[in-house]
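Following: one structure in C-alpha cells, then a few remarks.
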Amino acid sequence: MATRATVNRQVRGFAVMWTLITFVIGAATFFGIYLTYNAGGGEPSRGAVAIIATLPPTRAVALATSVPTAVQPTRPPTTEPMPTEEAAEEDAAAPADAADGEGEEAAAEDSDAEAAVAQAVEEPTVEPTATALPVEDTDYQVGIQAQLAYAPAEAELWANDVANLGLGWVKHQVRWEAIEPVQGEINEGEFGRLAMTLDADAAKGLKVLLSVVTAPDWAREPGVSVESEGPPANPQDYADFVVSLLEEFPGKIHAIEVWNEMNIDREWLSVEGLSPANYVELLLVTYEAVRAVDPGIIIVTGALSPTGGLNQGGIDRAIDDFVFLEALVNAGMLDYADCVGAHHNGYNISPSVTWDNVPEDSTAQFRGPFDNAHHSWSFRSTLQTYANIARQVDPDMRLCVTEFGWATMEGLGEGYPQNFEFALDNTLEEQAEWTIEALNNMEEWDIVWLAFIWNLNYGPQTNFDTSNDNTPYSIIGLNYSRRPVFDAIIAWNAERRESTGQ
C-alpha cells in the first residue's frame with residue numbers, strides 16, 4: 001500500500017500537469033480567435049449572424065449569447081467523395097493567387113450575407129393568409145351581368161370594364177340547349193364563347209356566377225311543347241351538365257344559380273305545370289352534385305319573376321312570386337341552397353318606396369305603380385318580403401339579387417320594347433341615382449349577400465336594338481360610351497373603399 005507522502009506527490013504532479021495542459025489549450029484557442037477575428041476585418045462570422053437573424057426573437061437572443069463569434073457556417077451536405085491524401089497535398093500546394101481569389105469571393109459572399117441579414121431584420125417575413133372559399137366570404141358584394149363575348153379581344157374588353165367599375169363579381173347566363181343541343185355533343189362555337197369569357201374574367205381576378213338555364217329538346221319531358229323553355233325530365237341530366245362545367249373550368253366558377261324564374265311558364269313549361277316540389281327536386285340533385293365536386297361554390301336558388309300571377313286554361317301561366325316562394329320554402333328549398341335568388345327591375349319608381357306608398361307622378365306614361373297598387377312594382381317590398389319569408393325558417397339566410405336595374409331609352413334613339421313604357425319615363429340621371437340608391441339600401445338592410453346590376457353590355461351586343469328589352473338597361477351606351485350610371489358605380493365603389501378602409 002502506498003504511503004500518504006507518495007499519494008501527495010502523485011496528486012501534486014497531476015495538478016501541475018493539468019494546469020500546464022489547460023494553459024496550452026487556452027493560449028491556442030485565444031490565438032485561433034484572434035486570427036479569425038482579424039481575417040474577417042474585425043467582424044464576427046456571417047454564418048452565425050445569418051442563422052440567428054432567421055429565428056424567432058426569443059430563440060435568436062438565446063443563441064446570440066451562446067454562439068462564439070468565430071463559428072463558421074455549416075458546410076452544406078454533399079454527395080461528392082471525401083478528398084484523398086494526394087488531393088489534400090495538391091490543395092496545399094495551390095498557388096497563392098488562387099487563395100487570393102478565394103478570399104475575394106469569400107468577402108463578396110460576406111457582403112451579400114450582410115445585406116440579406118439587414119433585409120431580414122427590416123422586412124420580417126409575413127405568413128400568407130388562406131383565401132376564403134366563395135361560400136365562406138359572406139360580406140356584401142356587388143357584381144354585374146355581362147353577355148358572353150364573341151371573340152377573345154371582346155372578352156378582355158368586357159372583363160376590363162367590370163374591373164374598372166371596381167366590381168369583384170360578374171354574372172353570365174349559360175344556355176344548356178345552346179352548348180349541348182344533341183346529347184353528348186358539344187357546340188364548339190357556343191362552348192368557345194364561354195371559355196374565352198371565363199379566361200378573361202380569371203385574368204382580371206373576377207369571381208363568376210353562372211346562371212344555368214334552358215334544357216335542350218332531347219332532355220325535355222315527353223309530350224311537352226318545346227316552343228317555350230322548360231326543365232329536364234331527369235334532374236340528373238341538368239346536374240351532370242353543371243358538373244361538367246365545373247370540371248372543365250376548375251377555379252373559374254364561384255357560384256351557380258340553379259334555373260331562372262320558374263314561377264312563369266315561359267321559363268318552366270312542364271306537363272306538370274309550375275311546381276315548387278319539382279323545382280326543389282332539381283335543386284336538391286344539383287346541390288349534391290356540385291358539393292361533391294367543389295364544396296366552396298355558392299348555390300343560389302333560381303330567382304323568381306315579380307308578378308301578380310295569372311291562371312288561364314287550367315295551366316298556371318304565372319304564380320305570384322310571394323306565394324310561390326312560400327311554397328318553395330315549405331318544400332324544403334332552403335336545405336339545398338346557400339342563398340335565395342331574387343330579381344327586380346325597378347320600373348319607374350325609386351328603390352326606397354314600398355308598393356303601398358308610391359308618390360304620385362302625373363307625368364308618368366307608365367301608370368302601373370300609380371294606378372294599380374301591387375307589391376310587384378316595388379324593389380323594396382319585393383326584397384324585404386323575400387327575406388322575411390326565408391328567415392322565418394332560416395334566420396341567417398340572405399338573398400342573392402342576381403338581376404336589378406332601371407331601364408331608360410334616353411340617348412338610344414326612337415322606339416322602345418313592347419310594354420316598356422316605363423323606360424320612356426326614366427332619365428339617364430334617374431338610372432344612375434336609383435342604381436346607387438339600391439346598392440346602398442341593400443347594404444343597409446343587411447339582407448343581401450350578392451347583388452348583380454342588370455346589365456353591362458347588352459346594348460352593344462344587340463347593336464342597340466331598341467325593340468330588345470335588355471337594351472335600355474345597358475350601362476354602356478351608343479358608340480360604346482359610358483352612360484352616367486357607369487361612372488356613378490365607379491364613384492360609389494371608390495367612396496365605399498375609402499370609408500371601409502378596404
Side-chain angles (χ1 to χ4, degrees), residues 145-151 155 170-198 208-249 252-253 255-275 278-287 289-290 293 299-305 315 317-318 341 343 402-403 452 454-455 457-458 461-462 465 468-470:
Q145 173 139 349
Q147 179 78 318
L148 297 178
Y150 288 97
V170 62
K171 174 194 169 189
H172 306 297
Q173 188 178 83
V174 173
R175 301 180 70 84
W176 178 16
E177 64 175 356
I179 290 181
E180 193 183 11
V182 177
Q183 187 173 14
E185 297 183 13
I186 299 301
N187 180 327
E188 296 295 340
E190 287 299 314
F191 185 81
R193 292 181 64 197
L194 177 60
M196 70 178 70
T197 298
L198 293 180
V208 174
L209 168 81
L210 291 186
S211 177
V212 184
V213 298
T214 66
D217 291 353
W218 62 262
R220 299 287 296 278
E221 300 161 308
V224 74
S225 171
V226 295
E227 294 181 1
S228 293
E229 311 299 348
N234 181 3
Q236 190 62 53
D237 289 334
Y238 176 88
D240 289 345
F241 176 72
V242 172
V243 166
S244 72
L245 297 179
L246 301 180
E247 292 176 338
E248 186 67 32
F249 305 106
K252 295 181 180 179
I253 301 168
I256 295 289
E257 183 178 20
V258 181
W259 216 260
N260 176 69
E261 298 186 347
M262 53 278 188
N263 63 321
I264 55 177
D265 68 355
R266 72 168 180 262
E267 299 284 349
W268 187 279
L269 185 63
S270 167
V271 295
E272 298 185 12
L274 301 173
S275 169
N278 288 353
Y279 173 75
V280 171
E281 182 183 6
L282 176 70
L283 178 66
L284 181 157
V285 174
T286 306
Y287 178 89
V290 170
V293 174
I299 305 296
V300 184
T301 67
L304 302 179
S305 174
I315 298 176
R317 302 297 302 278
H343 284 176
T402 57
E403 180 179 317
F452 291 87
W454 178 265
N455 60 70
N457 63 342
Y458 276 72
Q461 292 288 59
T462 64
D465 178 4
N468 187 302
D469 60 15
N470 297 313

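Residue W218 comes nearest to V182 through the heavy atom pair NE1-C, 3.7 Å, listed as atom of the first residue, atom of the second, then distance. N260 approaches E267 most closely through the heavy-atom pair O-CB, 3.4 Å. Heavy-atom minimum distance, G223 versus V271: C-CG1, 4.4 Å. Of all heavy-atom pairs spanning K171 and S211, the tightest one is CE-CB, 3.7 Å. Nearest approach of N457 to A146, heavy atoms of both residues: OD1-CA, 3.4 Å.
Rounding to the nearest 0.5 angstrom, the gap separating the CH2 atom in W259 from the CH2 atom in W268 is 6.5 Å. Annotation: the span from E229 atom CD to S270 atom OG amounts to 13.5 Å, rounded to 0.5 Å. Rounding to the nearest 0.5 Å gives a distance of 8.0 Å between CD of E221 and CG of L269. Distance CD/E281 to OG1/T286: 10.0 Å, rounded to 0.5 Å. Note that CD of E403 is 6.5 Å distant from CD of E261, once rounded to the nearest 0.5 Å. A distance of 11.0 Å separates NE2 of H172 from CZ of R193, quoted to the nearest 0.5 Å.
Looking at T402 and E257, their side chains do bring a donor and an acceptor atom within 3.5 Å of each other. With 3.5 Å as the limit, one finds a donor-acceptor pair spanning the side chains of E272 and N278.
The side-chain heavy atoms of M262 and L304, taken from C-beta on, include a pair separated by under 4.5 Å. For the pair I256/V300, no side-chain contact is recorded, criterion being any heavy-atom separation below 4.5 Å from C-beta on. Looking at L274 and I264, their side chains never come closer than 4.5 Å, going by heavy atoms from C-beta outward. With contacts defined as side-chain heavy-atom distances shorter than 4.5 Å, the pair L283/T301 qualifies.
With ring centers used as reference points, F191 lies under 6.0 Å from F249.
The aromatic rings of Y238 and W176 sit perpendicular, their planes meeting at an angle over 60°, well past the 30° parallel limit.
Formation of a donor-acceptor pair under 3.5 Å by the N455 side chain with backbone atoms of N470 is found in this model. Without hydrogens or angle criteria, Y279 side chain to G302 main chain gives a donor-acceptor distance under 3.5 Å. Without hydrogens or angle criteria, T197 side chain to A149 main chain gives a donor-acceptor distance under 3.5 Å. With E180 contributing its side chain and G184 its backbone, the two residues share a donor-acceptor pair below 3.5 Å.
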Run V213 and Q173 through side chain to side chain contact (heavy atoms under 4.5 Å, CB included) and show every step you take.
CA-CA 7 Å; V213 298; Q173 188 178 83; 3.8 Å; yes

Apply side-chain hydrogen bond (donor to acceptor under 3.5 Å, both in side chains) to Y458 and Q145, showing your working.
CA-CA 9 Å; Y458 276 72; Q145 173 139 349; 3.3 Å; yes

Could you go through N187 and I179, starting from their C-alpha distance and side-chain angles, then the distance that decides it, and tell me whether this counts as side chain to side chain contact (heavy atoms under 4.5 Å, CB included)?
CA-CA 5 Å; N187 180 327; I179 290 181; 5.6 Å; no

What's the verdict on side chain to side chain contact (heavy atoms under 4.5 Å, CB included) for I253 and L245, showing C-alpha distance, side-chain angles and the deciding distance?
CA-CA 8 Å; I253 301 168; L245 297 179; 4.2 Å; yes

Apply the test side chain to side chain contact (heavy atoms under 4.5 Å, CB included) to residues F452 and V170: give CA-CA distance (whole Å), side-chain angles for both, the deciding distance (0.1 Å), then the verdict.
CA-CA 7 Å; F452 291 87; V170 62; 5.8 Å; no

